[in-house]
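Down below is the structure, laid out as structure tokens.
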Amino acid sequence: MSEHFQPETIALHTGIHRSQFNEHSEALYLTSSFVFDSAAQAAARFSGSEPGNIYSRFTNPTVTAFEERLAALEGAEVCVATSSGMSAILACVMGLLSAGDHIVASRSLFGSTVNLFNNILKKFNIDTTFVSATDVASWQMAIQPNTKLFFLETPSNPLTEISDIAALSAVAHQAGIWLAVDNCFCTPALQKPLELGADIVIHSATKYLEGQGRVLGGAVLGKRDLLMDGGVFGFLRTAGPTLSAFNAWVIMKGIETLKVRMEAHSAHALEIARWLESQPNVTRVFYPGLSSHSQYELAKKQQKSGGGIVAFEVKGGKEAAWRVIDSTKLISITANLGDAKSTLTHPATTTHARITQEARDAAGISDGLLRIAVGLEAVQDLQNDLARGL
Ligand SMILES: *Cc1c(COP(=O)(O)O)cnc(C)c1O
């Protein structure tokens with residue numbers, strides 16, 4: 001039914017399977033397991049010959065409702081929900097790759113993703129080559145005979161670099177490589193990577209999908225044969241980084257307002273970014289909706305608006321950046337993003353502190369860099385809060 005509706009309608013109606021009580025709001029099924037009518041039915045469910053719920057590590061109606069809704073919004077055949085964004089990335093690589101395989105990844109990735117690839121996957125003999133998020137030729141050059149996966153985030157965290165999804169999917173597919181895109185910053189309200197050629201979409205549902213900073217969740221989306229038969233669902237079923245029914249329910253309610261929230265986040269962020277550009281102590285502003293952004297044209301083509309994340313560099317390095325943070329009274333000092341409340345982070349000493357100085361320099365994370373995830377407060381109040389420390 002969903003393909004006949006517009007996204008804001010899908011966000012409200014897809015995935016609803018009413019119980020015998022005919023509840024209007026989606027039911028929350030807090031149960032570990034499900035009861036069978038007979039031994040024969042139990043056997044049929046376990047063998048897969050009869051569809052239906054078995055055990056909430058891998059089947060739960062509330063989680064399924066969330067998966068159907070997000071899949072419809074991303075234009076994906078299937079969605080595999082996970083306990084967090086990181087476990088979505090883990091399920092993706094553990095499901096699809098084997099020892100001896102190779103990943104080419106953007107150098108501008110979420111800090112924990114870099115650690116997962118560098119420190120954990122390496123132990124299992126999966127190597128990663130990190131390349132520029134923006135230089136398509138460097139991806140091509142990094143391909144090895146054993147390369148299985150391209151992995152990127154766009155816009156990137158925190159510098160909002162834009163990777164050309166269509167161009168990179170063409171490079172990947174020519175070499176029989178899958179392209180995975182972490183769509184956390186844009187969400188399907190602003191960007192649809194599968195339509196642009198990506199094979200896999202990753203989400204930290206903790207962020208904008210949930211929208212109010214309450215619970216963690218994640219998702220892997222793509223084609224049925226890749227995710228269900230290809231091993232991602234199998235990894236989840238066996239290893240258990242499962243999205244809880246409660247979290248699925250909270251995130252699903254968040255998705256209902258995704259479009260209006262993303263439009264508001266983008267509008268507020270653009271105003272803040274323009275204002276920051278006019279501040280004498282701000283040396284650079286990184287925001288895809290600014291015409292000064294080095295990939296403004298690509299961003300305009302690829303995403304509906306700039307999104308809610310603005311990075312900016314202040315004069316005076318770490319000391320000056322910390323002063324901006326410590327002078328705020330309204331904006332929350334926290335590393336989360338995608339919340340209705342604005343948050344402010346110093347990437348070099350928080351989200352990107354565990355990667356080496358060398359890797360930080362290569363990724364352009366300077367000591368004076370700040371990242372604001374612009375929330376839904378009045379823009380004037382946010383400006384006043386930032387102005388004190390600037
Ligand atoms: C937060 C985040 C993640 C990790 O998600 P969790 O839900 O915190 O595990 C991955 N990618 C990006 C871009 C993120 O912002």
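Any value given below was found using the heavy atoms of this structure, including those in side chains, with hydrogens, waters and symmetry copies removed. As the structure lists them, so they are numbered: ligands from 1, and atoms in each ligand from 1.
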Problem set entry | Those residues that, when tested against R237, pass salt bridge (Lys or Arg N to Asp or Glu O under 4.0 Å) (two or more places apart) | none
Exercise. Is it true that F151 and F117 have ring centroids separated by less than 6.0 Å?
Worked result: yes
For this session: Scan residues 175-187 for pairs that pass side-chain hydrogen bond (donor to acceptor under 3.5 Å, both in side chains), counting only residues two or more places apart or in two chains.
Result: E74-N183, N183-Q191
Exercise. Would H352 and N157 count as having a side-chain donor-acceptor pair, cut-off 3.5 Å?
Worked result: no
Exercise. Strictly by modelled atom types, are E277 and S292 linked by a side-chain donor-acceptor pair under 3.5 Å?
Worked result: yes
Problem set entry | Partner residues of F110 under the ring-ring contact (aromatic ring centres under 6.0 Å, His included) criterion, sequence neighbours left out | none
Exercise. Under a 4.0 Å heavy-atom cut-off, which residues neighbour ligand 1?
Worked result: S84, G85, M86, F110, E153, D182, C184, F185, S204, T206, K207, G217
